[in-house]
Every structure is written in C-alpha cells, then in structure tokens.
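As structure tokens, the structure follows; a few thoughts come after it.
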Amino acid sequence: MKTVCRILIGLSASSLCAFAVAAQAETITLDAMHAWPGHNPFYEKVAQAFTKENPDIIVRFRASPPSYDEAHQAVLRSMMTGQLPDVYFSGFHLLPELVHALQRRKQAVDLKSFIDKEQGQWLETNYEPSVLKLAQVQGTQYGLAFNASTPVIFYNADLVKKAGGDPDAFPTDWPSLVALAANIAKTSEGTNGMAYDVHAWPDDWLWRALIMEQGAPIMNQDGKTVAFNGQSGLHALQKARSFVTDGAMALRDFDQSRQQFVSGKLGFIFASPNSAKAFSELIGSRFALRSSVFPLENKQSGKVPTGGNAMMILAKDQQRQEAAWKFIKFATGPVGQTAAVLGSGYMPTNKLALQPEYLGDFYKKNPNWETSLKQIAYASPWGGYPGNNGVQIWRTQRDIIGSVMRGKVTPQDGLAQMVEATNALLAK
C-alpha cells in the first residue's frame, strides 16, 4: 500500500511539474520599441500594469532611439533583416512611410480584423474619430494613438509680471508674444525672452506648426510638391528670424533651452505638453510655472499639428498578434492612458480616461497639464511626406531654417532653398 502511495505521489509531483512547464511555455514575451529614452519610466509603468492584468504576456522594450526619426530608421533596418519588434510606437508623421514600406513586403497589419471582434460600440466608446485618424493611412487603421500632443507655451509667470505683463492674461498673438519676450530679456542680464527651437528640433513638428497656424497646407494637391513655396513659407521663416532679432531668443539646442527655462533665465518656451511633469518637478517652487495655448495667426482656419505616436502590430504569427492587440487595447485604454499621462504630461487618447475616476479630477487640480486639451478643436494630423525620404527632408530643411534664424541667409533665399531641396527629395 505504501509503495502504491509513493507511486501516486510521484506521479502527482511529475504531473504538477509538467503542468508548470507547460504554463511557463505558454507565456508570451512581446518585443516592443519606442523612441525617446527619457520616456522609458512611463512606458514601463504601462507595461507592468498590463502584465499584472495579463500574467501570461510580458512586454520587453528594446533600447530606445533618441527620436522618432531615428527610431523610424531603426525599424526600417529591422525590416530588412527580418527582426521587427512585435509592437512598435511610430511617430504619426512617419506612419505612412512605414506602412508603405511594410506593404511592399506584405507585412503591414490592418487592425480592422481585431477591432471587428470587439463587442458593441467598443471603438466609438473609447476613441474620438479625430484620434482614430491620427493612426490611419488612406483610411485604413494601422495603429491606435498612444501619445498625443499639440505644441503649447510654458512660461515663467514671475518674469512675465516683472516685465510688465499680466500672468493671468498671457498673449495669444505673435506680435504681443514677441514684444513680451523683448521686455523679459530687459529684466536682468543673462535672461532670454523666448525659445522656439525649430532650428534644433529632432523632427518637423514646430516647422509645420508655423505653416498650419496660418491655415495653410504643407503639400499641394498633387502630392508631389510642397505648398509653402509662397507667402505662407516666407511668413513662417520671417517669423522664425524675428524670434531672434525681436524676441531676444538665443539659438541653442532644445535641451539647453529647457535647462535655461527651469533655471529661471528664460521667459517662455514652446514645447510638448509632455514637459508639464518634468518642468513641474525640476522647477519646484523656484518660480510660478504656467502654460498657454499655441497662438494662431488665422483664428478661423488655423491648425496645430498633433505630435505623438501610434501603437502598431508588426508581429507575424497569429498568437503574437493577438497578444500584441491585448497590449495595444490596454495601453490606449483608460487605465493605460491614465498611467501614461500622469507619467508624462501627454494628452490622453482615450475618451473614457477623461472621466473623474481616471484623469478628470486631476486636470481640475493641475491646469498646466490641461492646456493641450483646449486645442483639440483645431488639432490636425501631423502628416508626413510621401516617399521614403521624410527624415532626410527634415534634416535638410532644419539646416536651412537655422541659417535663416542666424541671419546667414535671408528668408526669401532660405525659402527658395527649402522648396528646391524638398521637392527634389520628394521626386526621388
């Protein structure tokens, strides 16, 4: 009898071990990649919350490239070597280029089949149509927006007041802003008025903003040439130059401008709303931090580009795609968005996340974080350029814009150079 019991116990132990091994084998580890190393903490927080609800799926992130443009190039290389991540967070402006490259290899994953399996009005309940469009290419949903941002102004209310301005009535037109910047620079030696770091920005977000806020398009309807080859482009470059000549702007790297701002030596800075958290923590009680909306020259039809990224499925086999879809649903859902927003300052991309139990009450208590939401009515997709030269186009444009801002090239000549170079790259 004892022998039989020992055998049964041994079999039970073996069965348990076999079950444990099988359970472990069923665990899926998703390979994911996003840009901006400084954003790692809130991505990890979202992933950990997801795994807590889905213990059979673990998310591991690759090393983060330093910008959307460099992440895009890394993914294109991975596509060539057959080493794509399972989930990728693509910058909105580069999504069309990436989709077209994937389509040529029959690797683009349309999310429609996954969305269609969701019950009821799941899509409409969670996402605004404008948010869904951010991750569409020619009407097809290739991703869901994870981060979203429109450019805003963060300002030092103490310096504004010292310069004779009213911190509670911050200017929303360009001439008044530039004039205020000039007055701020006069308050003390070593203080600069403003920073609009388009000359050093890692992508064309701030450049497009200067065109779109005029109510002007970036591309002509033929989809082959730029539309800012006239007054809109000239006006944008003249404005950028005036930031330096009339607004007491120093030409620095954008990280150096941020350091100048948090040290109390810069009146106001144009930045992503994701700076709300970092600025609040770095500034502390050094001065009163406020934020304001991006000024529109054309109040009727002016727009601002929506920055951020979309989560895409790049996994090939069905099981990993299903796991990736679960992660995307969670990360762009109310719980995931609450963690992402509180860890960054980005706008939430999920409607339910604005309810009181998620972010609604938080925004009431933290108005600096809410400013970008006030621009939703005139937020527009951050479109990329057709073809495969989007990154090169911006780097070429940026060098010319920097030359104009430094006074080495006139706005007229700079515009001619930008248009010629951009159209030539678009034609390739």
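All values below come from the heavy atoms of this structure, side chains included, with hydrogens, waters and symmetry mates left out. Please read all numbers here as calculations on a predicted model, not as lab measurements. Throughout, numbering of the chain's residues begins at 1 and tracks the sequence.
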**Complete:** So the side-chain hydrogen bond (donor to acceptor under 3.5 Å, both in side chains) pairs with at least one residue in residues 246-258 (sequence neighbours excluded) are Asn192-Arg252, Asp197-Ser257, Arg258-Ser275

**Item:** Arg320 NZ/CZ over Phe327 ring centroid, <6.0 Å and within 45° of normal
**Value:** no

**Message:** side chain to side chain donor-acceptor pair (under 3.5 Å) for Ser113 and Asp116? Distances and angles first, verdict last.
**Reply:** CA-CA 5 Å; Ser113 62; Asp116 289 346; over 6 Å; no

**Asked** Do the two ring centres, one from Phe228 and one from Trp207, sit under 6.0 Å apart?
**Response** yes

**Request:** For Asp31 and Tyr88, test the side chains for any donor-to-acceptor distance below 3.5 angstrom and give the result as yes or no.
**Result:** no

**Message:** Quick one, Phe243 and Met194 - any side-chain contact, counting heavy atoms below 4.5 Å?
**Reply:** yes

**Request:** Just say parallel, tilted or perpendicular for the rings of Trp174 and Phe294, cut-offs at 30° and 60°.
**Result:** perpendicular

**Request:** Using distance alone, with no hydrogens and no angle criterion, decide if Asp204 and Trp382 have a side-chain donor and acceptor under 3.5 Å apart.
**Result:** yes

**Item:** Test item: side-chain donor near acceptor, Thr225 and Asp222, under 3.5 Å
**Value:** yes

**Message:** Run the side chain to side chain donor-acceptor pair (under 3.5 Å) test against Asp110 and tell me which residues pass, sequence neighbours left out.
**Reply:** none

**Asked** Does a donor on one side chain and an acceptor on the other come within less than 3.5 Å for Glu118 and Trp325?
**Response** yes

**Request:** Classify the angle between the aromatic ring planes of His34 and Phe61 as parallel (below 30°), tilted (30 to 60°) or perpendicular (above 60°).
**Result:** perpendicular

**Item:** Lys299/Glu213 ion pair, N-O < 4.0 Å
**Value:** no

**Message:** Just by distance, no angles: are the side chains of Ser232 and Gln214 close enough, under 3.5 Å, to form a donor-acceptor pair?
**Reply:** no

**Request:** Assign the ring pair His39 / Tyr43 to parallel, tilted or perpendicular, where the plane angle (0 to 90°) is split at 30° and 60°.
**Result:** parallel

